[in-house]
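As the structure is a computational prediction, the values presented were derived from the model and not from experiment.
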Amino acid sequence: MLFLSHNMIFILIAFVVGLSFHEFGHALAAFLVGDVTAKRQGRLTLNPLVHLDLIGFIVVIFAGFGWARPVVFDPRRIRGNVRVGIIFIALAGPLMNLFLAVISGIVLVSFNMLTSSAYMTGLGQFVFYLFLYMMQLNVALAIFNLIPIPPLDGWQILHHLMPRKMYLKTASFERFGMIILLIFLISPLGSSVIGTTTQYVLNAWFRNF
């Protein structure tokens with residue numbers, strides 16, 4: 001359980017920042033395509049208190065995963081092609097996580113260039129491990145949310161890329177999404193897919209720097 005880990009502080013900070021940026025990304029994208037619903041609800045902010053769900057935050061301590069309050073948008077307010085707008089909104093959350101992961105990766109690479117004495121200080125170690133967890137968790141969040149299972153962003157993207165006939169036929173699939181997602185998460189397949197892909201991305205990053 002994460003509450004027994006001495007790294008819990010880094011995990012929780014990375015979790016709070018990652019989910020706040022993720023939901024802010026959705027809100028910002030919705031605003032950019034013409035929907036002010038999220039803005040009126042006060043979600044167009046990086047303030048974590050606005051985005052976090054108390055139960056979702058507590059669950060991460062015990063289970064290693066959690067959730068935030070989802071950003072609500074009104075498709076009727078989207079300018080231009082509605083399906084393209086929805087895809088843009090859905091994609092914005094994972095892209096925000098990847099943005100944070102890249103920034104964290106740049107900090108880690110820069111930190112590597114410092115002297116060993118700087119790393120050995122208490123502050124140096126705190127900064128190093130904070131950004132290491134920030135990078136790991138945000139890569140994992142992006143990968144997880146791009147999985148095409150309702151209600152994840154990956155499903156919204158895939159669903160709205162489908163031809164109209166297939167889109168209508170698969171709409172009912174969303175009713176079983178949470179059950180399928182829960183089974184996926186507790187199965188070895190879920191941890192294997194997310195963990196292996198995350199590690200591959202991290203290895204690729206550090207191998208190139």
Side-chain angles (χ1 to χ4, degrees), residues 1-2 11 14-16 18-30 33 35 37-38 41 43 48 50-78 81-98 101 136-201:
M1 292 185 181
L2 296 184
I11 295 170
F15 174 79
V16 169
L19 286 188
S20 298
F21 268 77
H22 182 97
E23 297 303 332
F24 169 73
H26 288 316
L28 177 61
V33 296
D35 180 23
T37 304
Q41 294 177 346
R43 305 298 301 276
V50 174
H51 298 298
L52 292 184
D53 179 273
L54 179 59
I55 302 300
F57 180 75
I58 293 173
V59 169
V60 75
I61 299 175
F62 294 93
F65 66 90
W67 57 86
R69 292 173 52 220
V71 165
V72 177
F73 65 91
D74 186 350
R76 297 172 299 179
R77 296 178 179 270
I78 294 176
N81 189 301
V82 175
R83 296 179 72 172
V84 172
I86 292 175
I87 292 171
F88 176 64
I89 294 170
L91 193 57
L95 285 179
M96 273 292 185
N97 291 126
L98 289 177
Q136 290 176 335
L137 189 134
N138 277 285
V139 169
L141 277 175
I143 292 169
F144 169 69
N145 279 283
L146 287 173
I147 295 171
I149 300 176
L152 300 179
D153 300 322
W155 170 251
Q156 291 296 325
I157 296 168
L158 176 64
H159 197 209
H160 288 87
L161 283 173
M162 294 178 181
R164 181 169 176 79
K165 286 185 178 180
M166 187 179 295
Y167 172 86
L168 295 174
K169 288 180 179 179
T170 56
S172 59
F173 177 65
E174 295 181 356
R175 292 181 298 173
F176 310 103
M178 288 303 298
I179 298 174
I180 297 171
L181 180 59
L182 183 60
I183 294 173
F184 176 79
L185 286 174
I186 64 178
S187 71
L189 176 63
S191 57
S192 177
V193 169
I194 298 171
T196 302
T197 310
T198 299
Q199 197 57 52
Y200 176 82
V201 173

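- Not counting sequence neighbours, the partners of T170 by the side chain to side chain donor-acceptor pair (under 3.5 Å) test are H159.
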- Please lay out, stage by stage, how I89 and I78 fare under the test side chain to side chain contact (heavy atoms under 4.5 Å, CB included). CA-CA 10 Å; I89 294 170; I78 294 176; 4.0 Å; yes
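- Taking CG from D153 and CD1 from I87, the interatomic distance works out to 12.0 Å, rounded to the nearest 0.5 Å.
- Pairing each heavy atom of P151 with each of L181, the nearest pair is CD-CD2, 4.0 Å.
- From F24, atom CZ reaches atom CE of M96 across 5.0 Å, with rounding to the nearest 0.5 Å.
- For the pair V33 and G85, the tightest heavy-atom approach, listed with the atom from each and the gap, is CG1-CA, 4.5 Å.
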Could you give the side-chain donor-acceptor pairs of residues 54-77 under 3.5 Å, partners two or more places apart or in another chain?
{"residue": "W67", "atom": "NE1", "partner": "D53", "partner atom": "OD1", "Å": "3.2"}
{"residue": "R69", "atom": "NH1", "partner": "V50", "partner atom": "O", "Å": "2.5"}
{"residue": "D74", "atom": "OD1", "partner": "R76", "partner atom": "N", "Å": "3.0"}
{"residue": "D74", "atom": "OD1", "partner": "R76", "partner atom": "NE", "Å": "3.1"}
{"residue": "D74", "atom": "OD2", "partner": "R76", "partner atom": "NE", "Å": "3.4"}
{"residue": "D74", "atom": "OD2", "partner": "R76", "partner atom": "NH2", "Å": "3.1"}

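- The two residues A101 and V139 make their nearest non-hydrogen contact at CB-CG2, 3.6 Å.
- Here the closest non-hydrogen pair linking G18 and N138 is CA-OD1, 3.4 Å.
- Closest of all the heavy-atom pairs between A90 and Q156 is CB-CB, 3.8 Å.
- Distance check, rounded to the nearest 0.5 Å: CG of L182 to CD1 of I179 gives 8.5 Å.
- Shortest non-hydrogen contact noted between M162 and Y167 is CB-N, 4.0 Å.
- Of the inter-residue distances, the one linking F88 atom CZ with I157 atom CD1 reads 11.5 Å to the nearest 0.5 angstrom.
- Open room surrounds CE on M178; 12 or fewer heavy atoms of other groups in view lie less than 6.0 Å from it.
- Crowding of Y200 atom OH: a count of heavy atoms from other residues, nucleotides or ligands under 6.0 Å not exceeding 12.
- Here the straight-line distance linking atom CG of L152 with atom CZ of F144 works out to 4.5 Å at 0.5 Å rounding.
- Once rounded to the nearest 0.5 Å, the distance linking CG of L158 with CD1 of I147 reads 13.0 Å.
- Remark: side-chain polar atoms of S191 are paired, donor with acceptor, to backbone N or O of P188 under 3.5 angstrom.
- Every residue was checked against the side chain to side chain donor-acceptor pair (under 3.5 Å) condition with N145, not counting sequence neighbours, and none meets it.
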